[in-house]
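Remember, it's a predicted structure, so these values are computed and weren't measured experimentally. Residue numbers begin at 1 in each chain, while the letters A, B, ... track the order of the sequences.
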Amino acid sequence: MTKTALQFHHNGHDVAIFVDGGTNLLVALRELIGDMTPKFGCGQGGCGACSVLIDGELHLSCLTLAETVAGRSVETLDGIKDGPNLHPLQRAFADNFAAQCGYCTPGMLMAAKALLDRNPQPSRAEVVEAISGNICRCTGYEPIINAVLAAASGGRARA
Amino acid sequence: MPVSVRTFASSGEAAAALSADRGARYLGGGTLVMRALNEGDVSISSVVRANDHALMRIDAAGPRVTIGAGVTFARILAERDLGFLHAPARSIGGPAVRNMGTVGGNLFAPNPYGDFTVALLALDAVVSMQGGLGSRDVPIEEFLQSRERQAGTLVLSISCQKPASAEAFRYRKIARIKPKGGSVITLAAHLPMSSGRIIGARVALGSMAPTPIRARSAERALEGRSLDASTIGAAAAAAVEGTSPGDNALASAWYRREIVGVHLRRLLSGQE
């Protein structure tokens with residue numbers, strides 16, 4: 001079967017790859033581009049570990065057909081830091097013990113970024129709603145919620 | 001397993017491609033078809049998409065609303081004129097799933113999903129489908145009863161009347177994980193009132209049968225009566241009639257039969 005050419009913007013860089021028909025975006029990002037930050041958790045849309053931003057909107061990359069992002073902007077965790085400087089959300093997660101095994105963390109951070117990009121001063125209920133698509137087995141969620149609130153109040157939310 | 005992906009400019013062309021190929025599935029938001037591909041469903045050999053703007057339209061200004069099959073739940077939540085559908089839309093998945101999942105796709109979602117469809121069933125929605133000679137309208141109950149045979153046709157939009165009043169339409173999803181998660185039971189009721197009596201009662205249940213169904217015995221207990229404690233009691237007692245729930249990881253069939261009346265009573269009496 002012939003492959004399909006796919007060009008899109010990955011964390012601000014133009015990329016071009018060839019995908020088999022039916023390849024999902026998570027596989028394209030991890031195996032074809034080498035961006036290991038989104039994780040495979042379930043392949044069903046239930047865990048949120050694969051969450052990425054497509055044109056600024058939170059999507060599940062494991063359920064996204066790769067070729068549908070042609071010409072669009074895909075942001076993953078790998079792109080949110082500024083050179084050696086952590087994004088305020090990353091700093092807040094570290095300071096608030098919001099990661100233990102770290103597996104949910106990329107998805108949680110992208111969900112939190114999607115929230116703060118639209119709503120820089122969320123309420124606690126809005127943070128809970130924003131991460132409601134992300135499962136964590138380790139932290140019990142409280143440190144994650146505190147970290148997002150800390151990032152919102154602590155500094156300027158970065159675009 | 002690689003599948004062929006074909007994208008068409010019009011829903012007519014996409015519908016033709018769907019009906020011509022037994023192994024073709026229409027890709028909306030991806031929450032159903034991509035999951036099947038991820039799980040190695042070999043019955044899907046090709047994926048069909050359409051970039052038809054008509055599938056994304058929302059007409060909600062008047063008393064009858066029409067929502068394109070490609071409209072996502074996030075867009076429903078952003079539309080003020082569709083406020084009566086916000087509770088069902090909000091109950092689905094998390095923010096990412098709501099950015100992806102579509103109204104049309106939800107019609108095909110198996111248990112324990114398909115919550116938006118339960119709401120549409122209580123609202124007597126009509127499903128507009130692309131047939132061989134143009135579009136045809138199918139009442140949603142009829143659509144659901146023949147759902148297995150609809151895989152080769154393309155849903156274009158759904159339409160329904162806005163509820164008689166905000167009070168008249170009620171919706172509740174019972175789930176283990178809040179705010180998201182698969183459904184133990186989903187309930188929707190539309191109870192238009194005339195001179196204090198219910199006229200045209202509709203009660204729809206999700207996860208109580210292979211597809212969302214109407215609770216006809218409960219509807220008969222409500223019809224023509226006022227919404228008082230004894231009417232509510234009679235409807236709750238009748239709720240389980242005609243249901244055939246299954247077992248899944250969320251709940252057993254026995255449990256679902258036990259609690260459907262309890263939750264219908266709470267829905268009808270406005271209890272939390």
Side-chain angles (χ1 to χ4, degrees), chain A residues 1-4 6 18-27 38 40-70 107-108 110-115 117-119 125-135 141, chain B residues 1-7 23-42 44-51 70 72-75 77-78 90-102 105 109-110 112-113 175-182 249-250:
Chain A
M1 180 158 295
T2 52
K3 293 178 188 276
T4 304
L6 171 60
F18 287 95
V19 291
D20 286 326
T23 300
N24 66 53
L25 180 61
L26 180 64
V27 166
F40 177 89
C42 68
Q44 298 181 355
C47 76
C50 68
S51 301
V52 299
L53 301 187
I54 300 179
D55 290 340
E57 250 185 22
L58 193 69
H59 280 242
L60 300 172
S61 60
C62 77
L63 296 183
T64 301
L65 186 64
E67 51 192 273
T68 64
V69 304
M108 286 289 186
M110 297 319 287
K113 182 173 191 292
L115 171 70
D117 284 351
R118 279 180 176 70
N119 180 0
E126 286 168 326
V127 174
V128 170
E129 172 85 33
I131 64 169
S132 65
N134 297 79
I135 295 180
Y141 302 97
Chain B
M1 190 197 87
V3 297
S4 71
V5 177
R6 288 173 293 162
T7 304
R25 289 277 289 275
Y26 185 82
L27 180 70
T31 57
L32 295 176
V33 173
M34 291 306 294
R35 174 176 174 168
L37 288 179
N38 289 343
E39 291 174 357
D41 184 343
V42 296
I44 305 174
S45 56
S46 81
V47 161
V48 170
R49 301 169 60 224
N51 283 334
T72 64
F73 298 110
R75 283 190 60 213
L77 289 168
R90 196 178 298 121
S91 75
I92 291 171
V97 170
R98 291 192 290 271
N99 282 333
M100 302 166 74
T102 64
Y113 310 112
R176 298 285 185 200
I177 308 170
K178 298 168 182 66
K180 70 175 188 82
L250 295 163

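Pro2(B) and Asp20(A) get closest at one heavy-atom pair: CB-CB, 4.3 Å. Between Pro95(B) and Ala130(A), the shortest heavy-atom contact is CG-O, 3.4 Å. The two residues Asn99(B) and Leu58(A) come nearest to each other via the heavy atoms ND2-O, 2.8 Å.
Looking only at side-chain heavy atoms (C-beta outward), Arg35(B) and Leu63(A) come within less than 4.5 Å of each other. Counting only heavy atoms from C-beta outward, the side chains of Met34(B) and Thr64(A) never approach each other to under 4.5 Å. Met100(B) has its side chain out of reach of Glu57(A): every pair of non-hydrogen atoms, C-beta onward, lies at least 4.5 Å apart.
The pair Arg49(B)-Glu67(A) does not count as a salt bridge, with every side-chain nitrogen at least 4.0 angstrom from each carboxylate oxygen.
In this structure, chain A has a heavy atom under 4.5 Å from the side chain of Leu27(B), while its backbone stays farther away. Heavy-atom distances place both the backbone and the side chain of Cys62(A) under 4.5 Å from chain B.
Atom OG of Ser132(A) is separated from atom CZ of Arg98(B) by 5.5 Å, given to the nearest 0.5 angstrom. To the nearest 0.5 Å, atoms CG (Leu26(A)) and CG (Asn38(B)) are separated by 8.5 Å.
When each of Thr23(A), Thr4(A), Thr68(A) is scored by its heavy-atom pairs under 4.5 Å with chain B, the top score falls to Thr68(A).
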